[in-house]
Each structure stands twice: as structure tokens, then as C-alpha cells.
Visitor: 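Take this structure, written in C-alpha cells, and hold onto it; I'll ask about it next.
Sequence lines set the chain letters: A, B, ... in the order given, protein chains first and strands last, and positions in each chain run from 1. These numbers were taken from a predicted model, which means no experiment stands behind them.
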Protein chains: 2
Amino acid sequence: MVRQPSINAQNRTPLSTERIIETALHIVDGQGLGRLTMRRLGDALEVEAMAIYHHLPRGKEQLLDGLVAHVAAAPADTSAAGRWQDVLRAWAGGYRERLLAHAGVLPLVVTRRNPAALTATLASLREVLRRGGVAEDAAAVAAHTLLGYVIGHAALEVRGTAEDGAAARIASGEGGEGGAVDWDARFRAGLGVVLGGVR
Amino acid sequence: MVRQPSINAQNRTPLSTERIIETALHIVDGQGLGRLTMRRLGDALEVEAMAIYHHLPRGKEQLLDGLVAHVAAAPADTSAAGRWQDVLRAWAGGYRERLLAHAGVLPLVVTRRNPAALTATLASLREVLRRGGVAEDAAAVAAHTLLGYVIGHAALEVRGTAEDGAAARIASGEGGEGGAVDWDARFRAGLGVVLGGVR
DNA sequence: ACCTGAACACCGTTCAAGT
DNA sequence: ACCTGAACACCGTTCAAGT
């Protein structure tokens with residue numbers, strides 16, 4: 001493939017941190033985290049890989065931090081009307097979908113990268129509970145428990161537990177649609193367990 | 001460093017899958033997942049990196065699968081006496097410690113690798129609940145919820161949320177030992193929320 | 001200021017060869 | 001059967017150079 005750098009360089013929309021992160025997320029969603037390399041990212045941006053370092057001086061580390069921030073920082077609506085149970089149920093559903101849509105970054109969310117992303121989310125959950133009348137200590141525990149559950153459940157879900165499906169099929173005979181786990185229903189049920197346990 | 005291959009090769013305990021996995025886990029625990037390379041693992045085993053492929057034909061993929069199996073496959077004691085709540089509380093405490101002791105492999109547990117490891121653990125939780133008199137459907141939900149919570153909480157804990165500690169310090173004034181989060185207490189409290197929600 | 005191109009020190013893995 | 005050594009196709013990153 002032949003390039004015409006000087007011509008392309010002028011007609012291209014310039015590089016930006018925003019565009020780099022979004023392109024990287026697109027690669028991870030489409031091909032997996034293992035195929036996200038600086039060189040491939042450069043190709044997708046129609047730029048030499050080394051140009052990325054001008055916008056992200058800390059290199060790939062900073063790129064991965066940006067991905068985590070982009071998917072894990074999704075706070076609950078602290079000004080929403082209604083019971084806190086409903087507000088948190090709605091948040092949890094959205095957050096789960098977000099994590100599943102970008103399952104490739106889940107391992108990064110779990111690693112130490114980018115403390116701020118999850119902390120903002122955690123603070124919003126605590127705020128919803130406090131405004132709903134839950135005591136300070138119980139709110140801190142519940143916020144942590146809820147976020148832990150949502151992340152942990154998403155992790156189990158992503159792994160796709162084929163054997164779990166097989167076990168359910170054996171236990172339930174031939175009823176239903178063939179024994180496949182209904183993840184939506186199971187998530188909602190587990191969410192009920194968690195929210196129902198908050199005092 | 002000069003080697004004497006023929007002499008060393010004879011005096012060394014031979015390579016085995018067991019020894020390879022354990023040495024790899026030692027590297028991950030001590031230096032982090034990012035520093036686990038086939039060449040470094042070979043050095044630690046006092047062997048050329050390529051010798052590992054003779055025991056793990058699928059290479060690094062198989063090595064990582066082995067690490068997950070080694071830490072994530074820790075089923076509950078299905079024949080334990082006492083209330084199921086106490087059995088599961090004990091299991092959860094042990095499993096959490098296991099995950100925290102090998103925090104470097106948590107990202108691997110979260111990824112698709114090795115479905116069998118978590119499935120065996122999940123089945124044991126369901127069995128404890130069923131023997132305790134919980135209905136089939138509720139047991140499946142509770143097992144999933146519990147495992148999800150323990151993994152998710154461990155993930156939050158590993159990230160060490162420094163900002164969370166700062167927020168708690170502001171909210172609580174100068175009481176206690178300086179406002180640091182008591183992770184043990186928080187884990188137990190969250191566990192109470194989850195177990196208390198099971199019908 | 002923004003991007004390129006060559007170079008460096010690594011990776012995982014294959015493959016022929018040794019014992 | 002078990003291990004070695006060279007080789008291949010990649011990595012992330014630095015650095016001098018171009019515009």
C-alpha cells in the first residue's frame with residue numbers, strides 16, 4: 001500500500017485524545033484487547049504509531065486508563081425522582097449493559113488502573129441512598145455491595161459459562177427453551193437479592 | 001552468566017506442569033502479570049523458555065488457563081454441618097482471601113479463560129443452598145449473586161480506592177484510625193446484605 | 001506543534017537439531 | 001522423551017529529523 005503523507009496530512013481531521021480513545025475502544029470491541037497495539041491503532045487513525053505519543057505521553061498505559069474512564073465512569077442520576085430502589089435498579093441495568101457492550105475492557109476495570117473512574121460512580125450510588133433516607137454507614141456498605149455485584153455478575157456473564165447451561169439443562173429436564181440461562185432474568189433476580197438486603 | 005547445560009540437566013528435578021504453574025504464580029504474585037513472560041519463566045525454572053512448550057503445547061494461553069484453575073477453583077464444603085448461611089460465609093471469607101492473595105490473576109478470572117474453574121465453584125454453592133432447603137431456582141440465583149459479589153468486591157478492593165478513603169475521612173470527621181476503609185468489615189457487611197436477601 | 005522513520009530491546013512461537 | 005539455539009514476525013518506546 002502506497003501512502004502520500006504530505007497530502008493526507010493536510011486533508012485529515014487532526015488527532016485528538018478523544019478520537020484516539022474512541023478508535024481504541026472500537027478496536028477492543030471488535031477484535032479484543034489482545035489485538036489493541038499502538039501500531040494497529042496508528043493504522044486505524046491513518047497515522048504512524050509514534051504520533052500517538054504526542055497526545056498520550058505516558059503511552060499505552062495512558063491509553064488503557066482512558067478506556068477504563070470511558071466505560072466505568074457512569075454515575076447514577078442523583079437528582080432523579082422516585083424511590084431509591086427504582087433509581088438504583090435503573091442505574092444497575094444501564095451499567096451492566098455498558099460493561100457487556102465493552103467486555104474487552106472489563107479486565108482493565110478490575111486491575112488497579114484509573115481509581116477515579118469507579119470512585120465517581122461509587123460516590124453517586126452513596127448519594128442516591130443517602131437522599132433516600134438510608135443511614136451513612138449502611139449507604140456506604142450498600143453502594144459498595146451493589147457496584148461489586150454488578151461488576152462481578154458482568155464478569156461471570158461475559159465468561160459465558162457453557163457448563164453452567166449444561167448443568168441447568170440436566171437439573172430442569174427438557175422444560176423451557178433448552179436449558180440456556182436467562183441472564184437478564186438472573187441479573188434482575190440477583191439485583192433483588194442485593195437491594196432487598198439493604199436495611 | 002555461564003551455564004553448564006549437560007551437568008545441570010542431569011542434576012535438576014525434571015519439569016512438570018505442576019511446577020511450571022506454581023513458578024508462574026510465584027512470578028505473578030511477586031512482580032505482576034505484566035512481567036510473566038515465557039523467557040522469564042524459563043529463567044526461574046532454570047530452563048530454556050522453549051522447553052515449557054513441551055509440557056504446555058498451547059503455550060502461554062494454556063499457562064494462563066492453568067493459573068486461573070489454580071486460584072479460582074475453590075469449591076465450598078458441600079458436606080459441612082450447620083446452617084447454610086454459616087457455611088457460605090466461611091467459604092466467601094476464604095475465597096476472598098484467595099483472590100486477594102493472587103490479585104494479579106483476577107483480570108484473567110474475569111476474562112473468558114477456563115470456564116470449568118468457576119463452574120465447579122458455582123455448582124458447590126448451589127449444592128450447599130439446596131441441601132439447606134432453598135428451592136432450586138432461588139439457589140441458582142443466590143449462588144450466582146454470591147459468587148458475583150465476592151469477585152466484584154475483591155476487584156474493588158484490589159484497586160485500593162484511595163479517593164474512597166479520603167471521602168470517608170471527610171464524612172466522618174477525625175474519628176477512628178484516620179478514616180481508612182476497613183475492608184474486612186465492609187466485606188462482611190456486604191456479605192450480610194447478600195445472604196440476608198436470599199429467600 | 002505535530003508527525004515521521006529508523007532503531008532498540010524486548011515479546012511469543014516454530015522448527016531443526018541435539019542428547 | 002526432553003531440552004536447546006537460532007530464527008521469524010511481531011511488540012512498546014526513544015530519539016533525531018522533518019514540516
Visitor: Using whole Å, what does the distance between atom C1' of nucleotide C/dT14 and atom CD1 of B/I52 come to?
Guide: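 To the nearest whole Å, that distance equals 15 Å.
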
Visitor: Would a hydrophobic clustering, with Ile, Leu, Val, Met, Phe, Trp and Tyr connected at side-chain separations under 4.5 Å, put B/I52 with B/M50?
Guide: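 Per the 4.5 Å side-chain linkage, B/I52 and B/M50 are not co-clustered.
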
Visitor: Where each residue is assigned the nucleotide of DNA chain C containing its nearest heavy atom, which of A/H55 and B/G59 is assigned the position nearer the 5′ end?
Guide: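 Its nearest nucleotide being more 5', the pick is A/H55.
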
Visitor: So, the side chain of B/W91 versus the backbone of B/A74: is there a donor-acceptor pair under 3.5 Å, distance only?
Guide: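 Checked: pair present.
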
Visitor: Return the value, rounded to whole Å, for the distance between atom CG of B/D43 and atom P of C/dC10.
Guide: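 It is 12 Å, rounded to the nearest whole Å.
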
Visitor: Should the ring pair A/H153 and B/H144 be called parallel, tilted or perpendicular, given that the plane angle runs from 0 to 90° and is split at 30 and 60?
Guide: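 Tilted.
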
Visitor: Quick one: is C/dC11 close enough that its OP1 or OP2 comes under 4.0 Å of any side-chain N or O from B/R40?
Guide: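 Yes, such a contact exists.
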
Visitor: Between A/A80 and A/V87, what is the shortest heavy-atom contact and its length?
Guide: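 Smallest interatomic distance, heavy atoms only, reads CB-CG2, 4.0 Å.
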
Visitor: For the residue pair A/A76 and A/S124, what are the closest heavy atoms and their distance?
Guide: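 Nearest pair, atom of A/A76 first, then A/S124: N-OG, 2.9 Å.
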
Visitor: More 5' along DNA chain D: B/L15 or B/R39, using each one's nearest nucleotide?
Guide: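 The residue mapped nearer the 5' terminus is B/L15.
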
Visitor: Whether the side chain of A/R130 engages the backbone of A/A139 through a donor-acceptor N/O pair (distance < 3.5 Å, no angle test) should be reported.
Guide: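 No; judged by distance alone, with no hydrogens or angles, the pair does not exist.
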
Visitor: From CD1 of A/I20 over to C1' of C/dC3, roughly how many Å is that when rounded to an integer?
Guide: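 Value for this atom pair: 12 Å.
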
Visitor: Can you tell me the distance, in whole Å, between the CD atom of B/E48 and the C1' atom of C/dT13?
Guide: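 Roughly 14 Å, once rounded to whole Å.
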
Visitor: Can you tell me how far P of D/dG12 sits from CG of A/L41, to the nearest Å?
Guide: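 Spelled out: CG on A/L41 to P on D/dG12 is 10 Å.
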
Visitor: Looking at every non-hydrogen atom in both residues, tell me the closest pair between B/A69 and B/N114 and how far apart they are.
Guide: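 Answer, listing the atom of B/A69 first, then B/N114: CB-ND2, 3.2 Å.
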
Visitor: Looking at residues 28-38 of chain B, who's got a heavy atom less than 4.0 Å off DNA chain C?
Guide: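 B/L36, B/T37, B/M38 - these, ordered by number, are the residues of the stretch whose heavy atoms sit under 4.0 Å from the strand.
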
Visitor: Taking Watson-Crick (N1-N3 plus N6-O4 or O6-N4) and G-U wobble (N1-O2, O6-N3), each under 3.5 Å, can you produce the dot-bracket string of DNA chain D? Use [ ] for crossing pairs and | for inter-strand ones.
Guide: ||.|||||...|||||.||

Visitor: Can you tell me if A/R159 uses its side chain to pair, donor with acceptor, with the backbone of B/V110 under 3.5 Å?
Guide: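 Answer holds: no.
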
Visitor: Over all heavy atoms of both residues, which pair between A/T78 and A/V128 is shortest? Give the atoms and the distance, please.
Guide: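 For A/T78 and A/V128, the tightest heavy-atom pair comes out as CA-CG2, 4.0 Å.
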
Visitor: Nearest whole angstrom, please: distance from the C1' of C/dT4 to the CG of A/L45.
Guide: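 For the pair A/L45 CG and C/dT4 C1', the rounded distance is 15 Å.
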
Visitor: Kindly give the atom pairs (protein nitrogen or oxygen, nucleotide nitrogen or oxygen) under 3.5 Å for nucleotides 16-19 of chain D.
Guide:
none

Visitor: Of the non-hydrogen atoms in B/L191 and B/Y149, which two are nearest, and what is the gap between them?
Guide: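 Distance-wise, the nearest heavy atoms are N-OH, 3.4 Å.
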
Visitor: Nearest-Å distance, NZ (A/K60) to C1' (D/dT14)?
Guide: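 Distance check: A/K60 NZ to D/dT14 C1' gives 17 Å.
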
Visitor: Rounding to a whole Å, what distance do you find between A/M50:CE and D/dC11:P?
Guide: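 The distance from CE of A/M50 to P of D/dC11 comes to 11 Å, rounded to the nearest Å.
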
Visitor: Looking at every non-hydrogen atom in both residues, tell me the closest pair between B/L100 and B/A154 and how far apart they are.
Guide: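 Residues B/L100 and B/A154, closest heavy atoms: CD2-O, 4.0 Å.
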
